[in-house]
Amino acid sequence: MSGPDAYERSRACPVLHVDMDAFYASVALRDRPDLQDSPVFVGGGHRGVVLSANYLARARGVRSAMPGSRALRLCPEAVVLAPDHAAFATVSAAVMETFRQVTPLVEGVSMDEAFLDVSGAGRLLGTPLAIAEQLRARIADEQRITCSVGVAATVSVAKLASTRAKPDGVRVVAPDEVVAFLHHRDIGDLYGVGEKTRDRLRRQGYLTVGDLARTEVGVLRRDLGEHLGPHLHTLAWGADRRQVRSRHAPVFAGVTHDPDKSMGAQSTFGRDTADRAVVLRELLRLTTSVTGRLRTAGVAGRTVALTVRFSDFTTLTRSRTLGEATDVTQEVFAAVVALHDALSLRGDRLRLVGVRVEGLQARAGIHHQHVLGEREVGWAEADRAVDQAARRFGPAAVRPASLLGG
DNA sequence: TCTGGGGTCCTAGGACCC
DNA sequence: TCTGGGGTCCTAGGACCC
């Protein structure tokens, strides 16, 4: 859609979905003009996957989340760059700040994409399409990376529209265009329909979005389940009512804020291991990292979950809910060790372990029940001392004794 | 050299309570 | 005798997203 009419028609489309183009690769390439004409991807070292590939590498079949080894087989001359997470975070924060100067209703989906509700910004900044163009120009100018924007009346259509706009474009899908825009698409294009669901839908005879739209909700509920059936029917008509929800700290009254529900960390071993000492040392490292983040965020959680993945990629999770929420390293680690030992692994080689704390709540709202005979100064105080030392001397300064060796 | 790491949400069964 | 319902919590697994 183009022409002066497009600006007017976009007035009915207050939702913007802004998506950076090949974000990690673009940031990595900003200061490497020598690589502009080479296929490049970020990530994918030993046992790693591709985080992001530039369009030259994509033309060769390289995709994000693909094993690095496979990407190199497809494109042996590709330049592989290590991710610079600090740079990504800096650019991401700057871009999100740019969004917030347009509207407080910014929902960051990830480092490189966000939904904006610009229904309140029109008087100052113009139509949604005009705002989208201003944002694209500013980001290109200030961050030297391109982005694409979908403009629509609903979150789900805006999301699909930005995909169609890539790379470096804008796509407005006005309400009266939604059906034509959606119904011929593959069901796998719908947000929330991944590989498994797509295969299942195909087996059941649903090939296009239109197929879902034309089926009665009751039939979809029977075929796809209580939730998924009605949900996909709604998406197939572009009729979702999901609001843009700011996940930023509560800034303005009326802006909804969702606190985190869980925090976790996991890591893949350089090579699979069956050594209990190695596994527990890694679990302690992960636990220390997670509880540190909990304390920084001022939250604590009641449920501790352990994940293990075996050499053959089968994955188990085991969890335990504690009497009260905790952010104390030793308490979480004790639960992790108990869960680990309950698995009775006998020589099974592990590829990955993970720790997650769920059921998070603000620490301020938790009343600690003192147990009879409990020491007044305990592990929680030890954690606070560690946090303080880490702030002053860096996170490497204080580590549990068992992490110092090996 | 196949297959990362950080999350959210849904389902389903069993326990338990009223 | 022959099998209530509803609600909530906990656990495990799976799908999905970026």
Whole-Å distance separating the CD atom of E282(A) from the P atom of dG5(B): 9 Å

For the side chain of F313(A), counting heavy atoms from C-beta on, which of dC18(C), dG4(B), dT11(B) is nearest? dG4(B)

Is any side-chain N or O of R198(A) closer than 4.0 Å to OP1 or OP2 of dA15(C)? no

Indicate whether any N or O donor in one side chain lies under 3.5 Å from an N or O acceptor in the other, for T329(A) and D383(A). yes

So, does D19(A) use its side chain to make a donor-acceptor pair with the main chain of A114(A) at under 3.5 Å? no

For dT1(B) and H46(A) - does any side-chain N or O of the residue sit under 4.0 Å from the phosphate oxygens OP1/OP2? no

Side chain of T317(A) only, heavy atoms from C-beta on: which candidate in dA15(C), dG13(C), dC18(C) is closest? dG13(C)

Taking any heavy-atom pair under 4.0 Å as a contact, classify M66(A): base, sugar-phosphate, or nothing. nothing

What distance, rounded to whole Å, do you find between the two C1' atoms, one in dC16(C) and one in dG4(B)? 16 Å

State which of dG7(B), dA15(C), dT3(B) makes the closest approach to the side chain of R47(A). dT3(B)

CZ/R202(A): more than 12 non-hydrogen atoms of other groups inside 6.0 Å: yes

Does a side-chain N or O of S267(A) approach OP1 or OP2 of dG5(B) to a distance below 4.0 Å, or not? no

Would you say Y191(A) stacks on dC17(C), if stacking means ring centres under 5.5 Å apart and planes within less than 30 degrees? no

Hey, which sits more toward the 5' end of DNA chain B by its nearest nucleotide, H227(A) or G44(A)? G44(A)

Ranking dT3(B), dG7(B), dC17(C) by distance to the side chain of K159(A), first place goes to dC17(C)

Would you check if E113(A) and K159(A) make a side-chain contact, meaning some heavy-atom pair closer than 4.5 Å? yes

Rounded off to whole Å, could you give me the CG-to-C1' distance for the L51(A) and dG6(B) pair? 12 Å

Go ahead and name the base partner of dG14(C); Watson-Crick or wobble counts if both distances stay under 3.5 Å, otherwise write none. dC9(B)

Taking the side chain of Q266(A) as its heavy atoms from C-beta onward, which of dA12(C), dG5(B), dG7(B) lies nearest to it? dG5(B)

Partners of S344(A) by side chain to side chain contact (heavy atoms under 4.5 Å, CB included), sequence neighbours excluded? R346(A)

Given dG5(B), is OP1 or OP2 found less than 4.0 Å from the side-chain N or O atoms of T268(A)? yes

Does a side-chain N or O from K261(A) land closer than 4.0 Å to OP1 or OP2 of dG6(B), or not? no

In whole Å, I'd like the distance from the CG atom of D260(A) to the C1' atom of dC9(B). 15 Å

Just N and O in the side chain of R351(A): are any of them under 4.0 Å from OP1 or OP2 of dT3(B)? yes

Counting any heavy atom closer than 4.0 Å, what does L316(A) reach on the DNA or RNA strands: base, sugar-phosphate only, or nothing? sugar-phosphate

Of all the choices, dG4(B), dA15(C), dG6(B), which nucleotide is nearest to the side chain of A265(A) once you look at every atom? dG6(B)

Parallel, tilted or perpendicular: which fits the ring planes of F23(A) and F88(A), with parallel below 30° and perpendicular above 60°? tilted

Check this one for me: any side-chain N or O of T303(A) less than 4.0 Å away from OP1 or OP2 of dC10(C)? no

Give the residues of residues 68-85 of chain A touching DNA chain C, defined as any heavy atom closer than 4.0 Å, sorted by residue number. none

Expressed in angstrom and rounded to an integer, what is the separation of L224(A) atom CG from dC16(C) atom C1'? 15 Å

R309(A) side-chain proximity, nearest of dT11(B), dG4(B), dG7(B): dG4(B)

Measure the distance from CG on L322(A) to C1' on dT11(C) and round it to the nearest whole Å. 14 Å

Using OP1 and OP2 only, check whether a side-chain N or O of R302(A) sits under 4.0 Å from dC9(C). no

Find the distance L352(A):CG to dT3(B):P and express it as a whole number of Å. 12 Å

Should Q266(A) and R309(A) be marked as a side chain to side chain donor-acceptor pair (under 3.5 Å) after you check the CA-CA gap, both sets of side-chain angles, and the distance that decides it? CA-CA 10 Å; Q266(A) 60 179 47; R309(A) 175 170 295 154; over 6 Å; no

Could you list the residues that satisfy side chain to side chain contact (heavy atoms under 4.5 Å, CB included) with A152(A), not counting sequence neighbours? V157(A), A158(A)

To the side chain of R356(A), which of dC18(C), dG4(B), dG6(B) is closest? dG6(B)

N or O in side chain of S319(A) less than 4.0 angstrom from dA12(C) OP1/OP2: yes

Hey, are the side chains of L294(A) and V357(A) touching, using non-hydrogen atoms and a 4.5 Å cut-off? yes

Does dG13(C) have OP1 or OP2 under 4.0 Å away from a side-chain N or O of R318(A)? yes

Both conditions, 6.0 Å and 45 degrees, for the charged tip of R185(A) above the ring of F181(A): are they met here? yes

Would you say T321(A) places a side-chain N or O within less than 4.0 Å of OP1 or OP2 belonging to dC9(C)? no

